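Worksheet: the structure to be examined is printed underneath.
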There are 2 protein chains.
Amino acid sequence: MTSSKAHGDFTIIQQRNLVEQVADYLTQSIISQHFAPGDRLSEVQLARDLGVSRAPVREAARLLESRGLLVSRPRRGFFVRALDAAELNDVFDLRLCLERHAMARLVDGFDAGREKVLRQQVEVMCEAATGDSESRKIEEDLTFHRMIIAYADNRRLLKAFDDITHELRLCIALIGKTHADPDSISTSHWALLDALASKDPQRCREAIDYHIGVARDYVVQGIGETVS
Amino acid sequence: MTSSKAHGDFTIIQQRNLVEQVADYLTQSIISQHFAPGDRLSEVQLARDLGVSRAPVREAARLLESRGLLVSRPRRGFFVRALDAAELNDVFDLRLCLERHAMARLVDGFDAGREKVLRQQVEVMCEAATGDSESRKIEEDLTFHRMIIAYADNRRLLKAFDDITHELRLCIALIGKTHADPDSISTSHWALLDALASKDPQRCREAIDYHIGVARDYVVQGIGETVS
DNA sequence: CGATCGCCGACTGTCGACAGTTTTCCCAAC
DNA sequence: GTTGGGAAAACTGTCGACAGTCGGCGATCG
């Protein structure tokens with residue numbers, strides 16, 4: 001790296017792998033709407049701005065493409081993914097599919113220890129809800145759901161969830177506002193834990209269906225307003 | 001391309017995108033066990049053998065990594081993914097999760113036209129089973145299941161299925177043999193179509209559970225033998 | 001004889017450059 | 001004013017090269 005001139009407020013670029021650093025930078029820029037959906041990203045421009053060569057930029061872009069944050073058109077370059085309401089519905093439908101499965105698997109292995117850990121995470125979420133960092137709220141919520149998936153003890157399932165997580169972050173961030181007061185957070189997530197504790201598969205399914213349904217309606221409606 | 005010297009028996013390299021071509025070549029080489037699980041792939045070696053530079057090789061390798069065919073260790077390079085029985089179980093469990101969901105979604109939109117198309121595909125599979133191309137049998141079977149997912153009308157679900165498809169191809173190919181006589185193929189797949197035609201969600205679920213269960217047991221057992 | 005340290009080779013991560021292609025912009029013609 | 005053509009600019013795809021790093025092998029010391 002020639003450690004050159006203009007990259008303004010980003011002095012980050014010096015910790016690990018250039019590819020990962022560029023990927024993080026791009027991810028943040030997209031989430032924070034510094035790049036708008038549909039925007040084209042120029043490799044040379046990015047490389048210049050970040051003071052690196054095009055190779056790491058290309059690889060980072062390919063990484064984000066596999067995560068669904070960018071789309072590439074051959075000979076055209078990379079574009080910030082623009083999710084419409086239909087795609088969002090699809091994402092939430094897949095999320096429902098995965099979380100249903102995780103809940104069903106978890107019923108068997110659910111015990112007091114895991115319940116305690118999850119309830120603590122709900123506490124963390126409520127605490128985060130009193131702060132004013134939207135991204136923090138989102139992250140803690142995703143962490144809770146990721147913990148449930150992780151407890152389901154299927155690595156591949158977890159990877160599939162992580163894949164759509166990036167898309168979830170994208171569209172939730174686009175709305176810019178979460179419907180998160182501490183009360184509704186605790187009640188809605190306790191419902192999931194209560195269902196798991198009851199070890200009743202049917203009740204688990206109803207609980208997660210309702211939970212994801214509410215989230216989906218909120219986000220899809222929000223996107224609808226954003227687009228129009 | 002300098003169209004250089006030594007790439008022996010591979011004159012393929014001249015149709016489209018170099019990255020895709022290299023990716024196809026690597027995929028074929030892995031599926032056909034030309035590269036064994038756990039093998040390290042040298043970028044320079046591959047680039048020399050294929051008569052291209054390292055850039056397309058790297059990108060193709062990253063692509064296959066995202067598909068689960070390769071794993072990369074920083075500063076060490078790419079290795080052919082070695083699936084153990086536990087990972088295989090996870091993959092089939094996720095597949096079950098996705099196909100259950102697709103079946104449930106498809107119940108509503110299932111009609112005579114779609115049933116006819118799917119039954120024709122079963123015919124194709126049976127016809128393929130009389131041939132001696134193992135890969136053809138696998139592809140036609142995957143096509144059938146992919147059609148069901150596609151009818152479920154959720155792009156993101158289809159993408160998730162395509163993702164695990166590559167891993168399925170890998171482990172099925174490792175076993176080297178499918179349990180495919182035309183009779184068992186038609187009966188086992190007709191069972192799925194009959195369940196869909198009945199529009200009974202519970203029956204659909206039982207049908208797909210049984211179907212995937214059989215396939216999983218066969219493959220997991222086969223891998224167990226291969227490893228030992 | 002065994003263990004540790006240092007050197008050597010190979011390879012990945014990164015870079016700058018070139019060529020073909022796509023897009024854009026300008027000018028002319030209708 | 002609009003449209004069509006053509007040249008130029010910009011960009012992606014690809015290439016060869018350099019440097020830092022990791023693993024292996026041999027030499028040296030205990």
Side-chain angles (χ1 to χ4, degrees), chain A residues 1-7 10-26 29-30 35-36 38-66 69-81, chain B residues 1-7 10-26 29-30 35-36 38-66 69-81:
Chain A
M1 178 166 70
T2 50
S3 78
S4 60
K5 35 188 178 183
H7 44 292
F10 303 107
T11 39
I12 343 163
I13 302 295
Q14 200 70 270
Q15 4 171 354
R16 294 178 55 186
N17 195 334
L18 275 194
V19 175
E20 287 186 32
Q21 296 173 40
V22 174
D24 285 347
Y25 165 75
L26 286 178
S29 299
I30 294 172
F35 299 139
D39 275 3
R40 191 166 79 92
L41 300 187
S42 162
E43 291 178 12
V44 279
Q45 182 93 30
L46 286 172
R48 257 200 312 258
D49 292 348
L50 293 167
V52 300
S53 98
R54 278 176 51 216
V57 173
R58 275 179 76 89
E59 288 200 29
R62 284 306 237 278
L63 187 63
L64 267 65
E65 182 189 13
S66 75
L69 294 184
L70 298 177
V71 293
S72 84
R73 279 189 274 174
R75 291 270 173 203
R76 293 292 318 276
F78 292 90
F79 298 78
V80 179
R81 174 123 177 247
Chain B
M1 180 165 69
T2 50
S3 76
S4 60
K5 38 190 174 182
H7 45 289
F10 302 106
T11 39
I12 343 163
I13 301 298
Q14 198 71 268
Q15 357 172 0
R16 294 178 53 188
N17 195 335
L18 276 194
V19 175
E20 287 187 30
Q21 295 173 43
V22 175
D24 286 347
Y25 165 76
L26 286 178
S29 299
I30 293 171
F35 299 139
D39 276 2
R40 193 167 76 91
L41 301 187
S42 162
E43 292 178 10
V44 278
Q45 182 93 30
L46 285 172
R48 256 202 312 261
D49 292 349
L50 294 166
V52 299
S53 96
R54 278 176 50 216
V57 173
R58 275 179 75 89
E59 287 200 30
R62 284 308 236 284
L63 187 62
L64 266 66
E65 182 190 13
S66 76
L69 294 184
L70 298 177
V71 292
S72 83
R73 277 190 276 173
R75 292 273 172 199
R76 293 292 322 272
F78 292 91
F79 297 79
V80 178
R81 172 120 178 250

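Everything numeric here is computed off the predicted structure, so don't read it as measured data. Residue numbers begin at 1 in each chain, while the letters A, B, ... track the order of the sequences.
Contacts of A/Arg73 with the nucleic acid, taken as non-hydrogen atoms under 4.0 Å apart, are absent. Counting non-hydrogen atoms under 4.0 angstrom, A/Leu41 reaches the backbone sugars and phosphates but no base.
Within the 4.0 Å cut-off from OP1 or OP2 of D/dT14, at least one side-chain nitrogen or oxygen of B/Asn17 is found. For D/dG23, neither phosphate oxygen OP1 nor OP2 lies less than 4.0 angstrom from any side-chain nitrogen or oxygen of B/Arg40. Note on B/Arg58: a side-chain N or O is less than 4.0 Å away from OP1 or OP2 of C/dG13.
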Each nucleotide N or O in nucleotides 22-24 of chain C that has a protein N or O under 3.5 Å away: list the pair and distance.
residue	atom	partner	partner atom	Å
C/dT23	OP1	A/Arg76	NH1	3.3

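Comparing A/Pro56 and B/Gly77 against DNA chain C, the residue whose closest nucleotide sits nearer the 5' end is B/Gly77.
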Acceptor/donor pairs from residues 50-59 of chain B side chains to any protein atom, 3.5 angstrom cut, sequence neighbours excluded:
residue	atom	partner	partner atom	Å
B/Ser53	OG	B/Ala55	N	3.2
B/Arg54	NE	B/Glu43	OE1	3.1
B/Arg54	NH2	B/Glu43	OE1	3.0
B/Arg58	NE	A/Glu59	OE2	2.7
B/Arg58	NH1	B/Glu43	OE2	3.1
B/Arg58	NH2	A/Glu59	OE2	2.9
B/Glu59	OE1	A/Arg62	NH1	2.9
B/Glu59	OE1	A/Arg62	NH2	3.4
B/Glu59	OE2	A/Arg58	NE	2.7
B/Glu59	OE2	A/Arg58	NH2	2.9

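A distance-only check finds a donor-acceptor pair linking the side chain of B/Arg40 to the backbone of B/Arg76 [under 3.5 Å].
At a threshold of 4.5 Å between non-hydrogen side-chain atoms, the residues A/Leu70 and A/Val80 count as touching. With contacts defined as side-chain heavy-atom distances shorter than 4.5 Å, the pair B/Leu46/B/Leu26 qualifies.
Here the P atom of nucleotide C/dG13 and the CZ atom of B/Phe78 are 7 Å apart, to the nearest Å.
Side chain of A/Leu18, nearest nucleotide from C/dT12, C/dT14, D/dC15: C/dT14. For B/Arg54, counting side-chain heavy atoms from C-beta on, the closest listed nucleotide (D/dT12, C/dC15, D/dC18) is D/dC18. Between D/dC15, D/dG13, C/dC15, one nucleotide has an atom nearer to the side chain of B/Ala55 than all others, and that is D/dC15.
Among residues two or more places apart in sequence or in another chain, the side chain to side chain contact (heavy atoms under 4.5 Å, CB included) test is passed with B/Arg75 by none.
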